[in-house]
Amino acid sequence: MTILLTGGAGYIGSHAAVALIEAGHAVVCFDNHCNSKPDVAVQVEQITGNAPIMVTGDIRNRAALDQVFADHAIDAVIHFAGLKAVGESVALPLEYYENNVWGTACLLQAMKAAGVRKLVFSSSATVYGAPQYLPLDETHPRSATNPYGRTKLIVEHMLEDLAASDPDWRIAVLRYFNPVGAHASGLIGEDPNGIPNNLMPYVTRVASGRLDQLSVFGNDYDTPDGTGVRDYIHVVDLAAGHLAALDRIGRESRALSVWNLGTGNGHSVLDLVRTFEAVNGLAVPYRFAPRRAGDVAACYASPDLAREELGWEAQRDLAQMVGSAWSFEKLATTRNR
Ligand code: NAD
Ligand code: UFG
């Protein structure tokens, strides 16, 4: 198949491109590079032997999207493109609604016009809001606590309405938990601009000396060691989940399906830091800091539905996540010098 990846040059998109190419698919990436570089195609080619087609464009530009569908016989779309920083979304809500909601509406219109009705959408565990119970299964009530989360929730509702309006759509809503780590080659990974908001890239930058010290946000949560617990999932496992979802919607009778992509295991901030130190033989200096506004004590998935319906299960453990994240950081530091 030929798969269009919006946001295909980004962190998760580039790993999905590798997985798709390795499975024999042709990949077209459509990305405006607001948070990525076009040369990721070189790294993907180094890994797979085949380069994805890179098209520079914005999902808010309907004409550019129409052109992509005219130029390539697209069978399905995986929609990664969007803005994803929670704090930034509080400061710049309109940018988030424009990119994530309006951009998605443009993409869906272009897909409809082109007669392409297979879609995999990058949603997030953030749509569960503050957990009412754990583990979080797909029927857990949804809510949003910030503009980013609200954009994901609005798109989920938009997709539900679309599926109800036309039963020929085959849509997979994938709710990711906490993607971390990098491809085993160390060639692609997460390289955020500026000071990272998320734990894993912050830890790798402290380990490499690019940042002084990690602030652990809160050590008084009701968790085994008092620090926040999350369901970290290796990005290579996450990428494999997209292949499983694409395969499943190809033979699915429902117009819309929802699957969690998580491991089902919760790890605390200190678990992650100590595992990183032990696996990589490095110290990660940290201090305890006040809780971060909006954070919950614990959040982890029930991965049962994905296992039953997709036949997919995460394979890689925390040691592999922190080991690969460090391998990528080392190479990225060398490259950036
Ligand atoms: P990323 O920023 O690395 O990748 C997103 C890509 O989309 C970037 O390459 C960016 O340049 C591109 N993009 C953004 N706006 C665009 C637009 N208007 N037109 C075209 N391209 C555009 O982020 P990621 O971590 O790979 O996330 C991919 C998707 O997964 C996002 O939708 C994100 O919200 C979702 N998600 C991510 C996480 C996470 O922790 N990484 C968790 C849950 C959900
Ligand atoms: N943390 C620190 N110090 C840091 C950064 C994070 O202690 O410098 C802690 C947080 O308090 C939290 C844990 O590390 O306990 C994980 O924080 P992240 O920012 O890495 O991830 P979140 O769980 O807050 O959020 C991420 C994405 C969201 C997404 C959510 C669920 O950023 O967009 O996972 O998928 F919605």
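Keep in mind that what you see is a predicted model, and the values were worked out from it rather than measured. Atoms within a ligand are numbered from 1 in the order they appear, just like the ligands themselves.
Taking every non-hydrogen atom of Phe177 and a distance limit under 4.0 Å, the qualifying atoms of ligand 2 come out as 31 (C), 35 (O). The Asn197 neighbourhood of ligand 2 comprises atoms 5 (C), 19 (O), with distances under 4.0 Å to a heavy atom of that residue. Using a 4.0 Å cut-off to heavy atoms of Ala125, the atoms of ligand 2 that qualify are 31 (C), 35 (O). Within the listing of ligand 1, atoms 19 (N), 20 (C) sit less than 4.0 angstrom from a heavy atom of Gly57. Those atoms of ligand 1 that come under 4.0 Å of a heavy atom in His33, given as number and element, are 11 (O).
Under the 3.5 Å distance criterion, with hydrogens and angles disregarded, no donor-acceptor pair is assigned to the side chains of Asn50 and Thr48. Neither side chain, Glu95 nor Asn99, offers a donor N or O lying under 3.5 Å from an acceptor on the other. Judged by distance alone, the side chains of Glu138 and Trp259 never bring a donor and an acceptor atom under 3.5 Å apart.
With a 4.0 Å cut-off on non-hydrogen atoms, His79 does not touch ligand 1 at all. With a 4.0 Å heavy-atom cut-off, ligand 2 is reached by the side chain of Leu214 but not by its N, CA, C or O. Contact annotation: for Ser215 versus ligand 2, heavy atoms closer than 4.0 Å belong to the backbone alone. When non-hydrogen atoms are compared, ligand 1 lies under 4.0 Å from the side chain of Asn99 (C-beta onward) but not from its backbone. Only the side chain of Tyr148 comes within 4.0 Å of ligand 2, judged by heavy-atom distances. Contacts between Val269 and ligand 2, counted as non-hydrogen atom pairs separated by less than 4.0 Å, involve the side chain only. Heavy atoms of Tyr221 found under 4.0 angstrom from ligand 2: none, in either backbone or side chain. When non-hydrogen atoms are compared, ligand 1 lies under 4.0 Å from the backbone of Ser123 (N, CA, C, O) but not from its side chain.
Shortest contact from atom 22 (P) of ligand 2 to any protein heavy atom: Asn178 ND2, 3.6 Å. For atom 1 (N) of ligand 2, the nearest non-hydrogen atom of the protein is Phe217 CD1, 3.7 Å. The nearest protein atom to atom 17 (O) of ligand 2, hydrogens excluded, is given as Arg292 NH2, 3.4 Å; this is a heavy-atom distance.
Of the candidates Asn198, Asp295, Val180, Val216, Asn198 brings a heavy atom nearest to atom 18 (P) of ligand 2. The residue among Leu199, Val86, Leu272 with a heavy atom at the shortest distance from atom 6 (C) of ligand 2 is Leu199. When Gly149, Pro201, Pro38, Gly7 are checked for heavy-atom proximity to atom 7 (O) of ligand 1, Gly7 turns out nearest.
Taking the six-membered ring where tryptophan is involved, the planes of Tyr176 and Phe80 are tilted, since the angle between them lies from 30° to 60°. Ring geometry, His140 versus Tyr128: the interplanar angle exceeds 60°, so the pair is classed perpendicular (tilted spans 30 to 60°).
Inter-residue side-chain proximity for Val40 and Met54 is flagged as met; some heavy-atom pair is nearer than 4.5 Å. At a threshold of 4.5 Å between non-hydrogen side-chain atoms, the residues Asn197 and Val86 do not count as touching. Between Arg175 and Leu261, the closest side-chain pair of non-hydrogen atoms is not below 4.5 Å. The closest side-chain heavy-atom distance from Asn198 to Met200 is not below 4.5 Å.
Of the N or O atoms in Ser36, one or more lie within a sub-3.5 Å distance of an N or O in ligand 1. Remark: ligand 1 and Lys84 share an N or O pair separated by less than 3.5 Å (distance only, no angle test).
Taking the charged nitrogens against the carboxylate oxygens, Glu313 and Arg307 do have a contact shorter than 4.0 Å, which makes a salt bridge.
Under a 4.0 Å heavy-atom criterion, Phe288 is not in contact with ligand 2.
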